[in-house]
Amino acid sequence: MTTVEQETREATSTGAVAARCEGLTKVYGDGETRVVALDGISVAFPKGRFTAIMGPSGSGKSTLMHVMAGLDTASSGRTWIGDTELTSLDDKRLTRMRRDQVGFVFQSFNLVPTLTAAENITLPMDIAGRKPDQEWLDKVVETVGLRERLGHRPAELSGGQQQRVACARALASRPEIIFADEPTGNLDSRTGTDVLAFLQMSVRTMGQTIVMVTHDPVAASYADRVLFLADGRIVDEMEQPTAERVLARMVAFDRKQEG
Amino acid sequence: MLRTAIRNLLSHKLRLLLSGLAVVLGVAFISGTMTFTDTLHRTFTGLFEDAAADVNVEPASAFGAGMTGTGIDSALSSVPADLVEEVGAVDGVAAAEGYVEAEGVYVLDAGGDVADTGGAPGIGISWPGDDALSAVTLADGRAPASAGEVALDSATAEELGHRVGDKITVLTTGPRVEAELVGTFRFGEDGGLAGASMTAFDPATAQSLLLEDGRFTGISVAAEDGVTHAELADRIEAVVGDDYDVATRAEQAADQAAALEDQLSFIDTFLLVFAGVALFVGSFIILNTFSMLVAQRTRELALLRALGAGRRQITASVLVEALVLGLLGSTAGLVTGFGLAQGLKALFGQLGVTLDGGLVLSAGTVTWSYVVGVGITLLAAYLPARRAAKVAPVAAMRADLVRTARPLLVRTVVGTVLAATGLAALAAGSLGDGVGGLVGLGALALLVGVITLSPVLAVPFIRLVGAVLPRLAGRTGHLARENALRNPRRTAATSSALMVGLALVTGFSIIGASARASIDELVDDVLEADYVVSTSVGQPFTAAVAEELAQVDGVASVTQERYGTARFDGEESFFVAYEPDALADALEVTFVDGAVEGLAGEGLLVSDETAETQGLAVGDQVEFLVQNGESRELRVGGVFEDNSALGPYLVSMDTYSATGGAPLDRYVYVGVEDGVDASAVEAGIEDVVATYPVVELKDIEGFKDEQRGSIDQMLMLINALLALSVLIAVLGVVNTLVLSVIERTRELGLLRALGMSRRQVRRLVRLESVVISVYGAALGLGLGGVLGLALTRFLRSQGLTVTAVPGGQLALFLVLGAVIGVVAAAFPARRAGRLNVLDAIATD
Ligand SMILES: Nc1ncnc2c1ncn2[C@@H]1O[C@H](COP(=O)(O)OP(=O)(O)OP(=O)(O)O)[C@@H](O)[C@H]1O
Ligand SMILES: [Mg+2]
């Protein structure tokens, strides 16, 4: 734990942080139905790194992402994207922040069905009324490998292709940070691997910052760092993960909980 | 099943409300109309019973009073004074009294103007001597007793500002009378005269002024106790013979109420047309709602099927939902209709027709409300229910539920065939002589054809019109267009409400504009005179006006026009009387055969249409029978080209007077000499007219305006129709949009997550709404245009000789379509903008 906080401090001081939070708490309901989804989390995501978040179902992974991305509000604590504190923003500014600084990849239903793949990719920029950087766009499309499919609508694309379009969209506007919630959850292992390799490459070669929630140790192994969540707290972390080490750690957790 | 259906309905209260509203509106118009009609009937029957004598004796008319209420019965006979004695002597008669009653009696106010009766007649009566026979009750002062005294109904006295003791001026169809107002009175139980004014004279004065000395309009009789009215009527009938009609109190009341209700029946018709439009258009909204509900529940329905539910059960479950909706909507409609009737009652009260007592809610009204409301709902829900049953059980298992767009091929073929058939029938029916049935069927086929084709036409139209959207609103505009194109069936059904409404209004607007233009042309073509004199409401007036006008310097011709009804060889018809040598000065008559001289003496002119239908030609003898029983053999002296300024039969003034026609003019045409100072002549004519406040002077333009008045009234009704169709159209669009927003929750959430602002989301919904509405408006304009032109052509023989298209107005309708889109989107757009991003993403 010290390492996480240390890193947070370090990153903050150097300014190389894409997003961070301090004492983040999220409580749902009250009385009988009260659920503490996040319990005083402080974490920072350094720029240019690929972070995976793991943890049992209901541990608060999605909630953490939603609050940090400005899709949901915190009960207490503070969050930042770059140097901007989200907790102080109204809906209009939050919307603009999401549009300009944040990229998303959801587990499913990522694309607008009435738009073609190409139109979906440039959607956030179109909404903002900005011209996409054509050179960059070409590079992204090239990397995703969907050049021939650009004119197709989502219904004419496979699940993996759809997820790759979603990734391309997240990358196209060069956001400060990309949040991906189980982006490969619905894909077979081969297509999943394609998408993960693509995300990894965008971090390595394009300097993108990505935070990804996953249940799959193999998926987590593509990241630079893995955070483990349980009951709304960060309980462990691992640098340069491999699938075997992640699996072993998860098994250890399970034992601990049983015992 | 019932429980599932009700739970489904309750979980979608908003949907329930929106789709139910159309049913509510339609049923409200039906139940409101029926309730009001029943109330009207009860009130008037009661009112006339109050005012009627136990038994009434009147001269019999030679034929049924088929035109009662038109005021065209000019040649009625009267009752001699000695008959009153004879009737009084009948066993069981407590009292019998002759009375006088006539129209065309008006009182002037201090400034010399007549009271505005809003078209209701000015009635003159004799003051009843016997209280038992009196329908009037003195309110102030005393009864008139001599020639210089009159009494006035209190409402008119108040309106004119006359008090008991004032000297007042009364216009009659004969001389002008200066008299003292000695009393005011109320008529019947509650003074209801439906706006008419009533002036009472003492009996002798009434006879000499309004009728003839020694004669009465009729005899009112009071029965002795213990004698039934019917019994007494039989005994009197035995005494007076076949020349007189004897009617009991109930019979008189029923007759009079029927006549009045006949006059008011246009209100019923109008309201029922509203009900029809509301329900027809509403059925599309219901159909749309259920289609969308079924589509949204496909997975649930498939699961039920997979679990073993039969097709029948699925259909039934949807229909039960419709049944519940229909029942709720009809009930709410019934209640709303009651309110509507209450409102109409209040409105009538304002207009001077007091309907006392509560509203009459009959079993018939309730039954019809439910039959129609539930029936329409079930009918509209049937197709979606069938479709629901066709959901394959496997749909439950498929994760990626792509709603396969059903091909529009069958629709295209059926719709095209229907529309083409309709167009052909319209063309065949309206060209040439015109076949009414063909026009009606053609219009119906075209309407159904266009409704069927609407989804097919929507795609190219929205592509075309929507092409500007991306340029206007960037990606939001693009998305809005794509959304409107997503489900052409839904877009079409949504816009159909507006389409039907605007088609109606457009069609009527074209007919109205054509009618106005035709009247102008007709007046220009036919009117030879320079001025027209008539009352504002078409009442008859004294011949003294024409006599005095003839004396004015510079007046070249004065032509009097009088109306009557008669039987021509047994065929009852309206006729017009002219002085033969003056007719040509007033109106241009084009003869097919014979000449205007053929009218002289016992001559008759007939229109070519009448000649054809009645098989008449110049030289034929026609038996002419008027209501008082007088008859003549008239000789056809000419056949003229029909036009709406001329009646079907023209008789000479000689024939009219000789058969007992009243010496009252309806119109007087004045021609001015050539080469004289027109303004001086006009001033002279004005001087004469000014002394008769009942009549008005109109130059050619003024006459056109007056003739166009009735068309303007029709156009007003059409505007009301427009308002209703707009209301329903808005409902339809709101309904679809709300359902679309619910259906697209995830998508909208995604857009919000990706940075679309609330404002942009609202604009997205609004633009889609505008596109759909403009489509409906355009289709409606097109359809209405075709129907309007065809009907105008068809009505050519009725006088619609000019075809006019009110372009500015039609352009306005198109703009209105866009405005409706914006208005209808207000609520759904707000809802869409308020969507919580997280809820949207989480929605399954
Ligand atoms: N809208 C909500 N209302 C109430 N409780 C909620 C809500 N959303 C999440 N929770 C609760 O908060 C906790 C954390 O949920 P979260 O979705 O973040 O878990 P997760 O780690 O993403 O789980 P999974 O791996 O199943 O996606 C859970 O106990 C959940 O029940
Ligand atoms: Mg989750």
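Note that these values count all heavy atoms, side chains included, but never hydrogens, waters or copies made by symmetry. First the proteins, then the strands, lettered A, B, ... as listed; each starts at 1.
Counting only heavy atoms from C-beta outward, the side chains of Met125(A) and Arg475(B) never approach each other to under 4.5 Å. Between Arg153(A) and Glu482(B) there is a side-chain heavy-atom pair separated by less than 4.5 Å. At a threshold of 4.5 Å between non-hydrogen side-chain atoms, the residues Arg758(B) and Lys92(A) do not count as touching. Within the 4.5 Å cutoff, no side-chain heavy atoms of Pro124(A) are placed close to those of Met756(B).
Residue contact with chain B, scored on non-hydrogen atoms closer than 4.5 Å, involves the backbone of Leu111(A) exclusively. Within the 4.5 angstrom heavy-atom criterion, no atom of Ser62(A) approaches chain B. If you measure heavy-atom distances from Leu751(B) to chain A, the contacts under 4.5 Å come from both the backbone and the side chain. Neither the backbone nor the side chain of Thr476(B) has a heavy atom closer than 4.5 Å to any heavy atom of chain A.
The pair Asp91(A)-Arg752(B) counts as a salt bridge, with a side-chain nitrogen and a carboxylate oxygen less than 4.0 angstrom apart.
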In a table with atom names and distances, give each donor-acceptor pair under 3.5 Å that connects a side chain of residues 452-470 of chain B to protein atoms at least two apart or in another chain.
residue	atom	partner	partner atom	Å
Thr452(B)	OG1	Val448(B)	O	2.5
Ser454(B)	OG	Tyr775(B)	OH	3.4

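Here the shortest heavy-atom pairing between Phe104(A) and Ala753(B) reads CE1-O, 3.2 Å. Nearest approach of Thr95(A) to Gly755(B), heavy atoms of both residues: CG2-O, 3.4 Å.
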